[in-house]
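Everything below concerns the one structure shown next.
Per chain, numbering begins at 1; letters A, B, ... match sequence-line order.
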Amino acid sequence: MRQEYSLNAKQKEAIETLEGPVLVIAGAGAGKTKVITERIKNLIASGLDPSSILAVTFTNKAAGEMRNRLNAAADLFIGTFHALGLLIIKENVIRLGISKNFSILDEDDAIKLVKECIVALSLNPKEFDPGRIKNNISRLKNKLMTPEKFIADGFFAEKLEKIWAAYEVEKQKQHFLDFDDLLIKPVLLFQNEKNTLEKYQNKWKYIHIDEYQDTNEVQYMLVKMLAEKYKNIMVVGDIDQAIYSWRGADFRNVLNFQRDYPGAKVITLEENYRSTDIILEAANFLISNNRARLPKNLWTKNKGREQIKVIFSEDERKEAEIVAKEVAYLSQTVPLKNMAMLYRTNAQSRSLEEALLQHGIPYKIIGGVRFYERREVKDILAYLRLIQNQNDTISKKRILNVPPRGIGKAASLKILGNFSNITRAEKQKKEEFELLIQGLKQDSLELGTHECIKKLIKKIGYRAYIDDGTEKGMERWQNIEELLGVAKKLNGGLSEFLEHVALFSVDDRYDAFGENRVSLMTIHTAKGLEFEAVFVVGLEEGLFPHALSISSDDVEEERRLCYVAVTRAKSHLYLTLAGRRTIFGERIANTPSRFLKEIPENLLMFINKPEEIEENIIIE
DNA sequence: AGTAGACTTTTTTTT
DNA sequence: AAAGTCTACT
């Protein structure tokens with residue numbers, strides 16, 4: 001992905017400004033990663049101790065790429081906000097009153113815990129959807145709100161507060177931190193202990209923040225605190241690529257940078273080194289429909305040879321079929337690994353996959369049902385979490401009878417401590433289970449994680465349990481083998497392994513130089529990547545922009561998402577749409593996305609365009 | 001305690 | 001349409 005070109009004047013200015021606050025506004029493909037890495041190189045070349053440099057990225061993938069470009073050796077922190085938070089927490093567990101054996105709750109388990117709290121409060125989980133409640137809690141936490149400070153107005157808010165309070169208590173009891181805690185705890189620590197904050201301020205004197213438009217309030221606070229003393233901070237961002245507001249991100253942080261850091265130098269990078277002029281012009285027209293933005297006009301020296309192809313098809317199957325055929329055709333000149341199919345929702349990958357299989361085109365899905373969330377993987381991880389943190393009842397509950405060892409619902413409740421009328425047989429089962437965990441704990445102290453997991457699988461007979469000879473069973477076993485592979489590669493202790501599993505997701509495995517396959521992923525996942533040929537599928541009202549964003553009046557974020565999608569393409573761009581689509585097993589007729597109409601027709605080449613696209617609704 | 005079949009939910013995006 | 005959850009029966 002490295003761009004081989006000499007630096008332009010603006011880029012030079014950015015990488016040669018080594019002191020003070022700097023805001024770099026960098027459009028898509030303008031070389032922002034290059035600016036950060038080159039500036040870090042300059043800092044090190046000027047004699048600065050690398051360990052006083054901090055670089056925070058939005059994804060692990062971006063962090064990995066940055067580290068590659070810095071030729072690995074340099075000893076500095078490059079990582080996500082969550083990894084940074086975890087580092088600070090681990091160095092201050094005692095001050096924070098957190099058990100050393102804490103575990104990180106993944107989103108799944110966090111929602112489970114919320115559900116338990118809802119049930120414990122005698123509320124109906126159907127009325128108070130655990131996932132939605134968890135979202136609400138998360139949004140509030142990311143604004144540094146607490147259940148105590150929260151002023152509940154109205155029935156729902158009152159219940160929310162109760163559930164939230166119970167959730168926090170339960171987390172404390174079971175030695176859990178959720179993703180939000182990884183950011184909040186350091187901020188609270190710094191607010192309460194100025195000398196601790198100062199220690200970190202003195203440690204990280206030169207701070208770099210990537211994707212600043214996607215920082216939320218806690219992240220913003222954390223950065224502000226760390227940068228306050230020396231004010232050597234470079235943030236890089238692009239408001240037009242802000243696509244995480246639903247997660248609490250606030251692109252106004254970019255707009256406020258000059259207010260927060262008076263005298264900040266502002267550098268705007270507008271020359272794009274990625275796409276053709278045709279693709280860029282389309283992107284510029286599209287995004288100019290947004291009101292909330294800073295005027296910016298990306299330009300390029302790349303002359304495009306082909307228009308953007310807009311392909312209409314009857315339904316999602318035909319859409320996938322055409323896309324697969326086009327990929328096969330393109331593959332004569334463009335390697336598969338330089339092509340990507342991008343979609344709004346994960347569910348769309350299915351039809352694409354089927355068509356690719358039929359055509360025998362190798363592909364890989366990035367993201368989707370995430371690896372660490374697969375049932376068999378979670379089972380094994382639950383054992384490991386319980387070994388590490390005996391207070392973790394979420395994991396205990398999960399594996400008490402997995403594989404089946406005669407502990408049913410009733411016995412399970414008693415063993416988890418809710419009842420005292422335990423029978424002799426149940427008591428024995430309980431003791432056997434405890435013995436098993438103790439034994440495994442001993443193994444984990446004596447063996448490396450890889451060996452430890454192998455022994456665990458053997459002891460509980462897990463392979464026989466999941467690998468039943470069917471194709472699915474084989475696949476499950478393969479996932480376990482992959483997990484073993486991760487453990488072997490990491491070659492560290494159990495807690496290190498569990499941390500890795502908690503903070504790194506599958507998309508981190510994406511490798512631009514790896515196997516020759518087409519990539520399939522959501523547009524969110526594609527942020528920061530680039531491909532010779534890009535297929536953006538499903539450009540229909542209701543899907544993209546998504547119906548939920550239309551009803552909540554947030555189409556501008558969808559448009560930014562479309563802008564991100566379009567600007568991933570270097571030379572070939574395809575926009576496809578279907579007249580009807582199966583959603584929830586129901587055939588739905590769709591009209592073309594408004595985004596298509598926002599691109600001037602002279603940049604487009606229509607294929608299979610129906611006579612009257614507006615009246616493309618057919619009653620079946 | 002374990003399972004087959006009914007019933008329900010899913011699909012917005014994720015560190 | 002498919003996967004997950006619940007229920008009632010063995």
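- For the pair A/E558 CD and B/dT11 C1', the interatomic distance rounds to 13 Å; values are reported in whole Å.
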Check your understanding: What's the verdict on side chain to side chain donor-acceptor pair (under 3.5 Å) for A/S103 and A/N389, showing C-alpha distance, side-chain angles and the deciding distance?
Key -> CA-CA 7 Å; A/S103 27; A/N389 170 13; 2.9 Å; yes
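- Ring-centre distance between A/Y244 and A/F58: below the 6.0 Å cut-off.
- Counting non-hydrogen atoms under 4.0 angstrom, A/R350 reaches the backbone sugars and phosphates but no base.
- Atom CD1 of A/I366 is separated from atom C1' of B/dT14 by 15 Å (rounded to the nearest Å).
- Each of A/S552 and A/L183 was assigned the nucleotide of DNA chain B with the nearest heavy atom; the assignment lying further toward the 5' end belongs to A/S552.
- For A/T525, a side-chain nitrogen or oxygen approaches OP1 or OP2 of B/dT14 to under 4.0 Å.
- Between the CG atom of A/D129 and the C1' atom of B/dT10 there is a distance of 12 Å, rounded to whole Å.
- Aromatic ring centres of A/Y200 and A/F190 lie closer together than 6.0 Å.
- Between A/F156 and A/F128, the ring planes lie parallel to each other; the angle is under 30°, not in the 30° to 60° tilted range.
- For A/W246 and B/dT13, the ring-to-base geometry satisfies the stacking test (centroid distance below 5.5 Å, interplanar angle below 30°).
- Rounded to whole Å, atom C1' of B/dT11 lies 14 Å from atom CD1 of A/I523.
- For the pair A/K185 NZ and B/dT15 P, the computed distance is 23 Å after rounding to whole Å.
- A/A411 comes within contact range of the sugar-phosphate backbone alone, with a heavy-atom separation under 4.0 Å but no base atom that close.
- Base contact: A/E107 has a heavy atom under 4.0 Å from a base atom.
- Counting any heavy atom pair closer than 4.0 Å across all strands shown, A/F58 reaches sugar-phosphate atoms only and no base atom.
- Comparing B/dT11, B/dT14, B/dG2 by their nearest atom to the side chain of A/N401 picks out B/dG2.
- The side chain of A/P404 sits closest to B/dG2 out of B/dT14, B/dG2, B/dT11.
- When the P atom of B/dT15 is taken as reference, atom OH of A/Y372 falls 12 Å away, rounded to whole Å.
- Atom CD in A/E499 sits roughly 17 Å away from atom P in B/dT15 (whole-Å rounding).
- Within the 4.0 Å cut-off from OP1 or OP2 of B/dT14, at least one side-chain nitrogen or oxygen of A/N346 is found.
- Spacing between B/dT13 and C/dG4 at atom P, rounded to whole Å, works out to 16 Å.
- Looking at the side chain of A/H82, the nearest of the listed nucleotides B/dT13, B/dT15, C/dC6 is B/dT15.
- For B/dT14, the OP1/OP2 oxygens have no side-chain nitrogen or oxygen of A/T59 closer than 4.0 Å.
- Here the P atom of nucleotide C/dG4 and the CZ atom of A/R374 are 12 Å apart, to the nearest Å.
- Here the side chain of A/T37 pairs a donor or acceptor atom with the backbone of A/T33 at under 3.5 angstrom.
- Closest to the side chain of A/F584, from the set B/dT14, C/dA2, B/dT11, is B/dT11.
- A salt bridge is defined here as a Lys NZ or Arg NE, NH1 or NH2 lying under 4.0 Å from an Asp or Glu carboxylate O, and A/R398 with A/D109 fails to meet this definition.
- Across the interface with DNA chain B, nearest-nucleotide mapping of A/E557 and A/R405 shows A/R405 to be the residue nearer the 5′ end.
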